[in-house]
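Here is the structure we will look at, set down as structure tokens.
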Number of protein chains: 2
Amino acid sequence: MTAATPKGERRRQALVEAAAGLLVDGGFDAIRHRAVAERAGLPLASTTYYFDSLDELVTAALEFQGNAELAYGKARLDELDPAECGGDAFVELVLDLLLGPSGNRDAEAVLLRYERLVATGRRPYLRPLMRRMSGELHSLLFDIFARAGQPVSRERVEELIALVDGAVVNALIEISPDPRAAARRMLGKAMQPR
Amino acid sequence: MTAATPKGERRRQALVEAAAGLLVDGGFDAIRHRAVAERAGLPLASTTYYFDSLDELVTAALEFQGNAELAYGKARLDELDPAECGGDAFVELVLDLLLGPSGNRDAEAVLLRYERLVATGRRPYLRPLMRRMSGELHSLLFDIFARAGQPVSRERVEELIALVDGAVVNALIEISPDPRAAARRMLGKAMQPR
DNA sequence: AAATTTGTGGTACGTGAGTACAAGAATGGG
DNA sequence: CCCATTCTTGTACTCACGTACCACAAATTT
């Protein structure tokens with residue numbers, strides 16, 4: 001159900017944000033009616049009033065989080081100074097877009113981005129949303145490469161994303177996972193001038 | 001707990017196989033005491049008798065499944081005829097090792113291999129096992145490339161694996177996921193003679 | 001053969017979850 | 001001011017799950 005009153009809309013939004021927070025901290029399984037309500041400081045029943053099912057709440061949380069990440073990416077694109085796109089700095093920029101800002105407690109925060117992809121395998125209802133966000137991310141990267149004076153084809157963007165994603169999922173099984181370092185290594189090598 | 005009697009050992013093994021089956025069909029969350037017992041045709045309490053905790057059962061199931069996959073890979077290596085390693089056939093061979101034999105109901109079966117990687121992020125107790133299996137898989141691929149007359153460095157193996165893994169996780173969000181096709185495309189391009 | 005270990009399985013407890021419900025409060029238009 | 005719609009929330013029902021328990025059977029050891 002959708003809210004019809006301003007206050008209702010605010011409450012609904014508070015629930016979405018709480019759910020998104022839980023999503024980041026604990027993954028999809030952490031989004032539960034009771035946990036969301038508590039985190040938002042609202043009663044349990046408010047979650048079932050504004051969302052017909054838990055899936056709907058999960059979808060809203062994912063959309064909120066995804067949009068936040070895309071907004072961050074767009075901001076980085078806007079403030080991009082082509083002069084400061086030396087090799088290493090540019091690699092870090094791309095990693096920021098794909099994995100989130102560095103300084104995130106890493107393995108933890110990166111994990112969610114990949115749980116999302118894989119979870120979509122068993123939750124088909126997330127696919128349309130994930131497709132949209134993935135498409136926007138690709139476009140964003142495409143623009144960033146162009147803006148940085150290193151234009152690439154869309155196909156090449158897909159390759160680089162795949163390389164980073166693969167490096168990350170394989171890094172997750174290390175004793176002390178450092179997925180960003182693994183991705184940096186692969187990406188740095190792939191982007192080296194030939 | 002470990003079994004001490006031959007019959008006990010058989011029962012324990014039946015539980016592990018049942019759990020592995022559930023793992024393949026429904027992912028980690030599908031491994032539950034009751035489901036495992038029912039699938040094995042044994043009483044509920046047998047699961048707690050042979051395994052101190054559910055984690056132990058999950059670990060055993062994963063190990064069983066992983067070993068089966070590695071055995072399949074070794075068999076493919078043994079029967080490898082270097083003469084039949086034309087480009088396309090060889091790509092398919094590599095995909096068979098990384099994604100499982102073609103003909104698997106694809107998106108379904110491939111999914112587990114990536115759930116494992118990501119799940120390890122939130123289940124540290126799986127890491128040692130995953131590391132071991134991942135290492136063996138890398139070695140296997142290294143040997144296969146050499147045997148096929150296309151030797152590559154271990155670093156290059158890692159790159160190709162990352163490329164395939166990244167292609168797969170990104171393919172999972174499609175409306176009708178075909179991760180194998182996506183991986184085939186990327187891998188084929190990356191392995192093209194330069 | 002007795003004793004001890006090992007295996008077996010029915011049952012039940014406690015917990016946490018999704019969801020339903022109904023009674024009450026707030027809101028806004030006539 | 002009233003009334004209908006919208007919102008709010010405490011409570012409770014049902015279910016599935018992990019796990020513990022215990023009486024008993026089978027096997028193994030002494």
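Per chain, numbering begins at 1; letters A, B, ... match sequence-line order. Because only heavy atoms are used, hydrogens play no part in the values below, and waters and symmetry mates are left out as well, while side chains stay in. Predicted, not measured: the structure shown is a model, and the values here were computed from it.
Rounded to whole Å, the distance from CG on A:Leu15 to C1' on D:dC7 is 13 Å. The CG atom of A:Leu42 sits 11 Å away from the P atom of D:dG10 (whole-angstrom rounding). Atom CZ in A:Arg11 sits roughly 15 Å away from atom P in C:dA25 (whole-Å rounding). One atom, CD of B:Glu38, and another, P of D:dC17, lie 10 Å apart when rounded to the nearest Å.
B:Phe145 meets the ring pair (Phe, Tyr, Trp, His ring centres under 6.0 Å) test with B:Phe90; sequence neighbours excluded. Applying the side-chain hydrogen bond (donor to acceptor under 3.5 Å, both in side chains) rule to A:Glu92 yields the partners A:Arg180, A:Arg184; only residues at least two apart in sequence or on another chain are considered. Every residue two or more places apart in sequence or in another chain was checked for a side-chain hydrogen bond (donor to acceptor under 3.5 Å, both in side chains) with B:Ser53, and none qualifies.
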Below 3.5 Å, can you tabulate the donor-acceptor pairs from side chains in residues 30-40 of chain B to any protein atom, sequence neighbours excluded?
residue : atom : partner : partner atom : Å
B:Arg32 : NE   : B:Asp29 : O            : 3.1
B:Arg32 : NH2  : B:Asp29 : O            : 3.0
B:Arg39 : NH1  : B:Asp25 : OD2          : 3.2

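At a threshold of 4.0 angstrom between heavy atoms, the contacts of B:Ser46 with the nucleic acid are absent.
The pair A:Arg127-B:Glu174 fails the salt-bridge criterion, with no side-chain N (NZ, NE, NH1 or NH2) lying under 4.0 Å from an Asp/Glu carboxylate O.
For residues 57-69 of chain A, every residue pair satisfying the salt bridge (Lys or Arg N to Asp or Glu O under 4.0 Å) rule, not counting sequence neighbours, is listed here: A:Glu63-A:Arg132, A:Glu69-A:Arg113, A:Glu69-A:Arg116.
Taking only side-chain nitrogens and oxygens, B:Tyr49 comes nearer than 4.0 Å to OP1 or OP2 of C:dG7.
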5' to 3', nucleotides 16-22 of chain C under a 4.0 Å protein heavy-atom cut-off (B base, S sugar-phosphate only, - none) gives -BBB---
